[in-house]
Number of protein chains: 2
Amino acid sequence: MTVTLADVAARAQVSPATVSRVLNGNYPVAASTRERVLKAVDELDYVLNGPASSLAAATSDLVGILVNDIADPFFGIMASAIQSEIGGPGGRAGGERLAVVCNTGGSPERELTYLTLLQRQRAAAVVLTGGAVEDAPHAAAVAAKLRKLTEAGTRVVLCGRPPAPDTGAVAIAFDNRGGGQRLSEHLIGLGHRRLGYIAGPEERTTTRHRLEGHRAALAAAGISEDPGWTVHGPYDRTSGYEATLELLRRDPSLTAVVAANDSVALGACAALRESGLRIPDDVSVAGFDDLPFSMDAVPALTTVRLPLADAGARAGRIAMGREEPPPGGIATVRGELMVRGSSGGPRRAASA
Amino acid sequence: MTVTLADVAARAQVSPATVSRVLNGNYPVAASTRERVLKAVDELDYVLNGPASSLAAATSDLVGILVNDIADPFFGIMASAIQSEIGGPGGRAGGERLAVVCNTGGSPERELTYLTLLQRQRAAAVVLTGGAVEDAPHAAAVAAKLRKLTEAGTRVVLCGRPPAPDTGAVAIAFDNRGGGQRLSEHLIGLGHRRLGYIAGPEERTTTRHRLEGHRAALAAAGISEDPGWTVHGPYDRTSGYEATLELLRRDPSLTAVVAANDSVALGACAALRESGLRIPDDVSVAGFDDLPFSMDAVPALTTVRLPLADAGARAGRIAMGREEPPPGGIATVRGELMVRGSSGGPRRAASA
DNA sequence: TTGGGGATAGAAAGCGCTTGCTGCGATGCT
DNA sequence: AGCATCGCAGCAAGCGCTTTCTATCCCCAA
């Protein structure tokens, strides 16, 4: 069968306790003994039994990272940054932790199930990324879970996600509202008065905040919004493509399209181009997030850069207890407006 | 303290054994008893202790997915597909498994460490994605680990990665060589005779295979390659940008640039544009993978579509034992040539 | 020489769960 | 009516490790 601690102990002629202590390095062991043990470990090719260890020590070295869509670089970039700080293997020394990312696919149930699974594994920490679903019962369920986790000693950090009051979770939130507002202000400043908005899926904090920012900008400029100017859809390219076609159908006189994120914006660009409209001469386009590919669009996308990697790294450090949580357990980081080629002044007169 | 199985048993007035059996549903329990137990579980808000369970049952419900770069959609898409089949939460019924993705960052050591960590956790299955490092000692170490894993009953599947003989691992490999060859043949067929090639990082199977395909195409057409036509670099946009500038410096008369993947190709496009060259009029560009954003490039990228999601799903199913492994434990899936706007016939005469 | 300490090592008691085996009342068959 | 069977529940023995407490051994001060 598989090699156990006892086998190693026998081979090294010491007690299992000593082997355990050598392996954990948390108790004085004579150098000669240690060597003998290490040699035995090596010769036997011994691998610690994780579950047994976790059970006995009542702790585990698992750290969970929840993402909405692992195929989306938005989450990939954050996850990567978080994981690099978790130390995973290869990180700094000290407890080797197994940083794992779990893909919820944006589904509330899966989110909850993963949380339970992590709770089962007695995870050392959990980082939740991205917007939350705003369904009240679900939010309550998640909050309850988070509270239970923190009470059990699991460190919980929200990254790019609004704070969850009274759960003990630390939050690094993005200022989606402010970013959305500045973005639309930019467009309005350019002279646009008829702006279409392709929002994310409904019932999501991110969607709502960005849209609120947009509307605040419109309101501040005294522009009254036509309800038909807003379309909801998933955060992907296809959604942007279709939504744009729909927007154009509803009001061909739009001079700008603001998208919920960069992928959506790319889809919008494609739709616009296929409709024979030039960007930004006929219609300006704006995205959000500033993912790497955004600067490769032609023209390059005007968007709001979110410090995904920085925020992720910080969240990771906090999760590892290597950085002080922000005061109040809440930090909000701003996005930076990136003005590029896809936005310009409206040139054409409104057409029928 | 936390609620244990025994607490639930006491509350439901049954033995711990019965509670365990209700929870695992692998032993007949009278309906009335089951209900009583479930009620107690609910009232006590009981959560199974994962480590204890894994220890006693000598199995775990962890499934590991190793990726080289989680921020790269290439891996994100595969991981997503794999995970969806693993059943993670929300998948089909049956054993709820915790599918976790581990980011190796392309580092051999981290790959090995993650493998050990998963071995520690007695993972139910492990899926390794993407190209392997070709360093001999490392390859041997990985092979040894894989063998040990399979011997311990962990199902090992390689997805988009060449087979590892004598390890018991099942492989779904991509025909990178064939894809690369067809892609270059396409360009050559268009009339190109001077093609630059931006390869991936050295010592990687994927890099080598794609490059071999390219060279095979050149050879078949009787084109003798200038060593200066090939540049190596990481699989990212920046690399493509810089490599293209370098290629242009070395030989301004190139009429086509073939990139190791789509991200690199995008960087190449940017560099070409900034150099005042039109695509494809002055220089044709080709990528590999056909990631979603490739069709949004302007012009859309000619590339080789790899069935990332299909392969991932299949790997996931095999990992779960829900699909028969291919005969011989090895399957090779082809990529499909996608001809789009970025490639065209060479129009200009070679310039100095 | 002798008692006190410091430094190590071992014994053993679990950690919380799974599962083979046993026990026992109810059912089916002859 | 009598015995084999079946269905369901409990007992208890671990799974492989960590850790508290105890036992040595050795060195040094007194």
Side-chain angles (χ1 to χ4, degrees), chain A residues 1-38 40-41 44-62 95-96 117 119-124 152-153, chain B residues 1-38 40-41 44-62 95-96 117 119-124 152-153:
Chain A
M1 271 299 293
T2 56
V3 184
T4 72
L5 232 209
D7 298 328
V8 176
R11 172 139 195 153
Q13 318 224 59
V14 297
S15 71
T18 300
V19 177
S20 168
R21 299 205 258 245
V22 167
L23 262 24
N24 291 302
N26 52 10
Y27 192 86
V29 173
S32 62
T33 312
R34 180 199 318 289
E35 267 176 38
R36 208 146 26 92
V37 170
L38 258 16
V41 166
L44 260 29
D45 221 356
Y46 170 68
V47 175
L48 188 70
N49 181 316
S53 170
S54 297
L55 171 57
T59 67
S60 111
D61 49 8
L62 248 193
E96 292 237 311
L117 246 27
Q119 185 184 1
R120 260 202 184 122
Q121 303 299 328
R122 305 303 189 246
Chain B
M1 271 301 291
T2 54
V3 183
T4 71
L5 231 211
D7 298 328
V8 176
R11 172 139 195 151
Q13 318 223 58
V14 296
S15 72
T18 302
V19 178
S20 168
R21 300 204 255 244
V22 168
L23 262 24
N24 290 302
N26 52 9
Y27 193 86
V29 172
S32 63
T33 311
R34 179 199 318 289
E35 265 176 41
R36 211 144 26 89
V37 170
L38 258 18
V41 165
L44 260 27
D45 221 357
Y46 170 69
V47 175
L48 189 68
N49 182 316
S53 169
S54 297
L55 170 57
T59 68
S60 110
D61 49 8
L62 247 193
E96 292 236 311
L117 245 27
Q119 188 184 0
R120 259 203 183 119
Q121 303 300 327
R122 306 300 189 248

Practice item. Provide, to the nearest angstrom, the distance between the CG atom belonging to A:Asn24 and the P atom belonging to D:dC17. Key: 11 Å
Point to revise | Results of salt bridge (Lys or Arg N to Asp or Glu O under 4.0 Å) for B:Arg34 - residues two or more places apart only | key: none
**Study point:** All pairs passing side chain to side chain donor-acceptor pair (under 3.5 Å) where residues 44-59 of chain A contributes a residue, at least two apart
**Key:** A:Asp45-B:Lys148
**Study point:** Minimum-distance nucleotide to A:Ser53 side chain [options: D:dC17, C:dT19, C:dA9]
**Key:** D:dC17
Exercise for review: Ignoring the backbone of A:Ala56, work out which of C:dA9, D:dT18, D:dA9 is nearest its side chain.
Suggested key: D:dT18
Check your understanding: Do the non-hydrogen side-chain atoms of B:Leu23 and B:Val41 ever get within less than 4.5 Å of each other?
Key -> yes
Practice item. List the atom of A:Ala12, the atom of A:Val37, and the distance in Å for their closest heavy-atom pair. Key: CB-CA, 3.9 Å
**Study point:** A:Ala58: side chain to side chain contact (heavy atoms under 4.5 Å, CB included) partners, not counting sequence neighbours
**Key:** none
Practice item. Could you state the atom-to-atom distance from CG of B:Leu55 to C1' of D:dT18 in whole Å? Key: 12 Å
Point to revise | Set of residues satisfying side chain to side chain contact (heavy atoms under 4.5 Å, CB included) with respect to A:Ala30, sequence neighbours excluded | key: A:Ser32, A:Thr33
Study note, to complete from the structure: Heavy-atom contacts, protein to nucleotides 20-28 of chain D, under 4.0 Å, summarised as B (base), S (sugar-phosphate only) or - (none) per nt, yield B--------
Check your understanding: Mind checking whether A:Gln121 and B:Asp61 have side chains closer than 4.5 Å, heavy atoms only?
Key -> yes
Point to revise | Minimum-distance nucleotide to B:Ala30 side chain [options: C:dT8, D:dA9, C:dA9] | key: D:dA9
Study note, to complete from the structure: On DNA chain C, more 5' by nearest nucleotide between B:Ser54 and A:Ser32 is A:Ser32
Exercise for review: Check the distance between C:dG16's C1' and A:Arg120's CZ and give it to me in whole angstrom.
Suggested key: 13 Å
**Study point:** Value in whole Å for how far the P atom of C:dG16 lies from CD of A:Gln121
**Key:** 15 Å
Practice item. Calculate the interatomic distance between B:Asn49 atom CG and D:dG16 atom C1'; express it in whole Å. Key: 14 Å
Review point. Is the shortest side-chain N/O distance from A:Thr33 to OP1 or OP2 of C:dA9 below 4.0 Å?
Key: yes
Point to revise | Partners meeting salt bridge (Lys or Arg N to Asp or Glu O under 4.0 Å) with B:Arg21 (sequence neighbours left out) | key: none
Review point. Where along residues 4-14 of chain B does a heavy atom come under 4.0 Å from DNA chain C, residue by residue in number order?
Key: B:Thr4, B:Leu5
Check your understanding: Do the side-chain N or O atoms of B:Ser15 get closer than 4.0 angstrom to the phosphate oxygens (OP1, OP2) of D:dC11?
Key -> no
Exercise for review: Report the nucleotide, chosen from D:dT19, C:dG16, C:dT19, that has the shortest atom-to-atom distance to any side-chain atom of A:Ala57.
Suggested key: D:dT19
**Study point:** Listed once per pair and sorted, the salt bridge (Lys or Arg N to Asp or Glu O under 4.0 Å) pairs that draw on residues 5-17 of chain B, sequence neighbours left out
**Key:** B:Arg11-B:Glu43
Exercise for review: Would you mind reading off the distance between B:Arg122 atom CZ and C:dT18 atom P, rounded to a whole angstrom?
Suggested key: 18 Å
Practice item. Could you tell me the separation between the CG atom of B:Asn26 and the C1' atom of C:dG20, rounded to a whole number of Å? Key: 13 Å
